[in-house]
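The structure appears right after this line, and notes come after that.
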Amino acid sequence: MLPTITAFERSPDGGKGLARDTRVRWALEEVGQPYVVRLVSFHAMKEPAHLGLHPFGQIPTYEEGDLALFESGAIVLYIAERHAGLLPDDAHARARAITWMFAALNTVEPPILELVTAKILEGDKPWTAERLPLVADRVRQRLGQLSARLGDADWLDGTFSAGDLMMVSVLLRLRVSGILDEFPNLAAYVARGEARPAYKQAFAAQRRRLG
Ligand code: GTB
């Protein structure tokens, strides 16, 4: 039985691949696992049927047999652990790749989300003009640190891993701000991720809202 994931029936980004089903699709494409997509409306997300799968009424979710998961990080890790291709065999290298997944989600994504929130949800507040540069500088600080660690390497720790998949996914959200381009090695890193055939497949599929 194919795994089923959920995605927005109508993504607010109009198909730019920024919703979090894209990272799950990307992981599935990297490991060559076909999947089915169930599209969910904003209304249906808050209904009991979906809340039974996702306590916070969001996408993505992942169902396989009697297993139901939520949280994109947990889903990608589950996929990476069960298929070859996204985590190294060596135990230490594997632990480091998982560390980068957590770093993407816990250390790099939060300031990026704060910037998105400040612009989109709080853009009309009288204090936004004063706050925005502070929030943007917090993002720059994180990116500066990440950029220093990446240096001129292609990927964060040797070969491409689920850590890179997650980090690229998180950084993609920043592109529209222009901040990513202030760090040419990170912009090139993101472009390398996007150039992977699996990412292209995932991007095309989310645009068509299909698996
Ligand atoms: N921590 C969870 C995870 O990683 O899975 C967060 C899940 C989440 O934020 N889901 C969002 C959602 O379902 C979609 S991805 N929102 C509906 C709701 O909460 O009612 C976030 C997202 C939404 C829109 C854009 N966009 O338009 O660009 C980008 C990302």
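In listed order, ligands and their atoms are each counted from 1.
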Of all the non-hydrogen atoms in the protein, which one sits nearest to [atom], and at what distance?
atom	value
atom 18 (C) of ligand 1	Lys46 NZ, 3.4 Å
atom 2 (C) of ligand 1	Glu71 OE1, 3.2 Å
atom 27 (O) of ligand 1	Asp13 N, 3.1 Å
atom 16 (N) of ligand 1	Phe8 CZ, 3.7 Å
atom 9 (O) of ligand 1	Arg20 NH1, 2.8 Å

Electrostatic pair Glu194-Arg175, nearest N-O below 4.0 angstrom:
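So Glu194 pairs with Arg175 through a salt bridge.
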Could you tell me if the side chain of Leu171 sits less than 4.5 Å from the side chain of Leu143, heavy atoms only?
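They are in side-chain contact.
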Side-chain heavy atoms of Thr61 within contact of Leu69, under 4.5 Å:
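Not in contact.
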List for me each residue that meets ring-ring contact (aromatic ring centres under 6.0 Å, His included) alongside Tyr78, sequence neighbours excluded, and say none if there are none.
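Scan of Tyr78 (ring-ring contact (aromatic ring centres under 6.0 Å, His included), adjacent residues dropped) gives Tyr62.
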If we only count N/O pairs under 3.5 Å, is [X] in contact with ligand 1?
X	result
Arg23	no
Arg173	no
Ile59	yes
Gln58	yes

Do Trp26 and Phe203 have ring centres separated by under 6.0 Å?
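That pair fails the under 6.0 Å test.
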Atom 4 (O) of ligand 1: which of Ser72, Ala19, Ala7, Ser169 has the nearest heavy atom?
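Residue with the shortest heavy-atom distance to the ligand atom: Ser72.
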Consider only side-chain heavy atoms of I, L, V, M, F, W and Y, link residues closer than 4.5 Å, and tell whether Tyr35 and Leu67 are in one cluster.
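Yes: a chain of side-chain contacts under 4.5 Å links Tyr35 to Leu67.
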Could you list the donor-acceptor pairs under 3.5 angstrom formed by side chains in residues 87-102, with sequence neighbours left out?
unit_1 : atom_1 : unit_2 : atom_2 : d
Asp90  : OD2    : His92  : N      : 3.2
Asp90  : OD2    : Ala93  : N      : 2.8
Arg94  : NH1    : Pro88  : O      : 3.1
Arg96  : NE     : Asp157 : OD1    : 3.4
Arg96  : NE     : Asp157 : OD2    : 2.8
Arg96  : NH2    : Asp157 : OD1    : 3.4
Thr99  : OG1    : Ala95  : O      : 2.8

